[in-house]
Amino acid sequence: MNAHDSERIKGMLEELGLGEAAVIEDADVLVFNTCTIREKAESRLSAHLGWAKALKEQDSERVIAVGGCVAEVQRRQLFEHYPFVDVAFGPGSIAHLGKWLGAGGHGVESGAFGTGMERVFASDLPMRRERPFQAWVQISMGCNSRCSYCIVPTVRGRQVSRGSGDVLDEVRRLAADGVREITLLGQNVNSYGRDLPAAERVDFSDLLRACDAVDGIERIRFTSPHPKDFRPDVIAAMAECTSVCEHAHLPVQSGSTRLLKAMRRSYDRERFLRLVEEMRQAIPDLALTTDLIVGFPGETDADFGQTLSLVEEVAFDGAFTFVYSPRYDTEAVAMADQIPDDLKRERISTLIELVQRIANERNERRIGAIEEVLIEGPSRTDPLLLCGRTRRNTTVNFAGNACPGDLVDVRIKGATSTTLNGEQLTSPVP
Ligand code: 5AD
Ligand code: SF4
């Protein structure tokens with residue numbers, strides 16, 4: 001979501017006539033888009049702002065803006081801690097940034113803060129996409145869940161779904177502009193629509209079907225769904241819609257029913273396993289990735305063992321693993337039995353090792369197969385190779401001859417835990 005917000009910020013600054021500086025020292029306006037989901041993301045901001053302060057001391061005309069969730073959570077304190085910051089804005093207030101900055105950075109109202117009360121979708125703002133053939137499409141903002149570890153509902157507010165007409169207009173515009181792959185974006189995508197007025201109510205499975213019907217969109221992804229809301233109609237829509245990719249990022253967080261309850265995830269281990277079973281039956285060849293947290297307060301060796309065994313049992317294709325990070329104003333921060341750092345570190349390295357072993361095994365099974373790859377550009381490790389993603393969202397480095405944005409068939413010849421490699425078979429699909 002933050003990456004998408006940054007594309008909007010960038011697009012809006014360009015509309016104001018501001019171009020991207022080659023190096024930070026050359027910038028007249030510095031905008032920081034911040035994340036507060038874990039402490040580490042937040043502590044990085046103070047280092048960046050120290051640097052910005054030094055630059056402002058060299059040139060007091062420089063404008064410094066801080067946006068995103070840290071700004072939202074710190075509000076006025078931000079100006080106390082960092083008095084050289086000119087403008088701060090929460091994630092719902094991106095649309096106002098242009099007004100505050102004024103053309104070319106003039107007319108800045110020092111100490112201005114965009115309030116969370118006037119949250120608006122940034123979707124009407126210009127967007128600067130990283131690649132011309134891929135786009136994020138925001139379908140909702142905020143979240144109505146109350147996971148006990150999570151700060152998101154505090155900083156992004158309750159869920160507001162965007163009208164389906166608006167979403168589809170954007171998807172059609174993107175398709176006309178050459179976009180082939182969209183990723184529907186929301187804090188909890190499959191609870192989309194439940195807050196819309198009855199007359200306008202469209203649920204996530206309807207939205208998937210409507211996006212699938214848009215000509216030119218070859219691949220549809222979405223992130224993130226909540227396992228509690230992954231209903232049979234969504235599974236059916238995934239199975240039926242040819243553009244919807246065979247991949248789901250399904251954050252499970254823990255394999256222990258006891259901890260899932262303490263986390264307020266509203267499902268237990270067995271229900272999650274049943275869901276995986278149903279999805280795999282309906283969608284052959286489905287890739288599943290997940291998010292996992294270790295070191296949640298009160299996590300015993302047995303709870304952690306349950307997470308390891310769930311990872312083995314499901315055999316995820318990949319996972320983001322996180323050490324639990326206490327966040328202000330969450331239920332879990334006040335819980336007894338916070339886990340010591342060294343134990344958290346020990347558990348996360350055990351978990352990462354297991355996740356990688358299984359991902360490696362899953363990828364090795366692809367050797368010999370032919371995968372459709374959307375080319376993103378040259379490979380980062382070897383510029384003579386191309387790099388792209390399969391429908392199952394695995395990165396492939398391969399020898400071939402085609403352009404970014406082309407769909408090509410690649411024969412898979414090798415695998416690591418995070419990538420595949422191979423050789424292009426055909427000329428690009430027109
Ligand atoms: N500590 C660690 N990980 C967290 N996440 C959310 N909040 C926390 C926290 N306080 C993780 C969850 C979520 C992902 C986006 O970030 O796994 O799915
Ligand atoms: Fe946070 Fe839970 Fe909402 Fe995800 S579903 S954003 S983890 S509160």
Side-chain angles (χ1 to χ4, degrees), residues 1-5 34-44 68-70 72-73 91-92 119 138-161 183-192 194-195 204 222-230 248-256 259-267 272 275 288-299 303-304 307 310-311 314 316 318-335 337-341 343-345 347-348 351-352 355:
M1 191 66 88
N2 261 33
H4 176 57
D5 287 348
T34 61
C35 174
T36 188
I37 191 124
R38 284 169 294 276
E39 201 177 355
K40 203 163 117 198
E42 195 173 321
S43 48
R44 285 215 299 265
C69 296
V70 177
E72 181 71 41
V73 93
R119 287 189 302 152
Q138 189 180 2
I139 63 168
S140 62
M141 57 180 160
C143 179
N144 288 355
S145 293
R146 284 265 159 231
C147 302
S148 57
Y149 51 81
C150 185
I151 198 171
V152 167
T154 312
V155 286
R156 289 193 180 258
R158 287 186 66 74
Q159 175 173 298
V160 180
S161 298
T183 303
L184 305 178
L185 202 57
Q187 241 60 59
N188 175 359
V189 283
N190 50 2
S191 70
Y192 170 80
R194 292 187 198 155
D195 54 287
F204 186 60
F222 51 87
T223 195
S224 290
H226 194 306
K228 78 175 164 62
D229 295 311
F230 222 114
H249 181 70
L250 201 55
V252 64
Q253 316 298 1
S254 168
S256 153
L259 279 199
L260 287 169
K261 196 156 185 219
M263 290 176 168
R264 297 199 185 281
R265 290 293 289 175
S266 320
Y267 53 86
F272 184 84
L275 172 63
L288 276 179
T289 54
T290 196
D291 291 344
L292 297 158
I293 297 177
V294 301
F296 184 81
E299 184 185 62
D303 293 317
F304 179 59
T307 296
L310 181 105
V311 167
V314 174
F316 290 106
F320 295 117
T321 50
F322 304 108
V323 165
Y324 165 73
S325 170
R327 306 312 291 130
Y328 357 70
D329 296 334
T330 57
E331 195 187 338
V333 76
M335 287 180 182
D337 291 335
Q338 299 283 329
I339 306 295
D341 284 348
L343 186 54
K344 284 181 182 167
R345 273 198 298 274
R347 284 183 181 160
I348 200 152
L351 181 63
I352 289 172
V355 161

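Start at 1 and go down the list; that is how both ligands and their atoms are numbered. Because the structure is a prediction, the values reported are computed rather than measured. Reckoned from all heavy atoms, side chains included, excluding hydrogens, waters and symmetry mates.
- The proximity of Phe322 to ligand 1, defined as any non-hydrogen pair under 4.0 Å, is limited to the side chain.
- Put simply, no part of Thr330 is less than 4.0 Å from ligand 1, judged by heavy atoms.
- Taking atom 1 (Fe) of ligand 2 as the reference point, the nearest protein heavy-atom neighbour is Cys150 SG, 2.3 Å.
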Quiz item: Which is it for Tyr324 and Glu299 under the side-chain hydrogen bond (donor to acceptor under 3.5 Å, both in side chains) test, yes or no, and what are the steps along the way?
Solution: CA-CA 10 Å; Tyr324 165 73; Glu299 184 185 62; over 6 Å; no
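- Of all atoms in ligand 2, listed by their number and element, those nearer than 4.0 Å to a heavy atom of Cys147 are 2 (Fe), 5 (S), 7 (S), 8 (S).
- Under the 4.5 Å side-chain criterion, counting only non-hydrogen atoms from C-beta, Val252 is not in contact with Val314.
- When only interatomic distances are considered, the shortest N/O to N/O separation between Tyr324 and ligand 1 does not fall below 3.5 Å.
- Of all the atoms in ligand 1, the ones that sit under 4.0 Å from a non-hydrogen atom of Val323 are 1 (N), 2 (C).
- Between Arg158 and Asp195, no side-chain nitrogen of the basic residue sits less than 4.0 Å from a carboxylate oxygen of the acidic one, so the salt-bridge criterion is not met.
- Checking side-chain atoms of Ser325 against main-chain N and O of Glu39 turns up a donor-acceptor pair under 3.5 Å.
- On a distance-only criterion, Ser325 and ligand 1 share at least one N/O pair closer than 3.5 Å.
- Taking 2.8 Å as the threshold, Cys143 counts as a candidate ligand of atom 3 (Fe) of ligand 2, since one of its N, O or S atoms lies below it.
- Residue-ligand proximity: Arg265 is placed with a non-hydrogen atom under 4.0 Å from ligand 2.
- By the 4.5 Å heavy-atom criterion applied to side chains, Thr154 and Tyr328 are not counted as neighbours.
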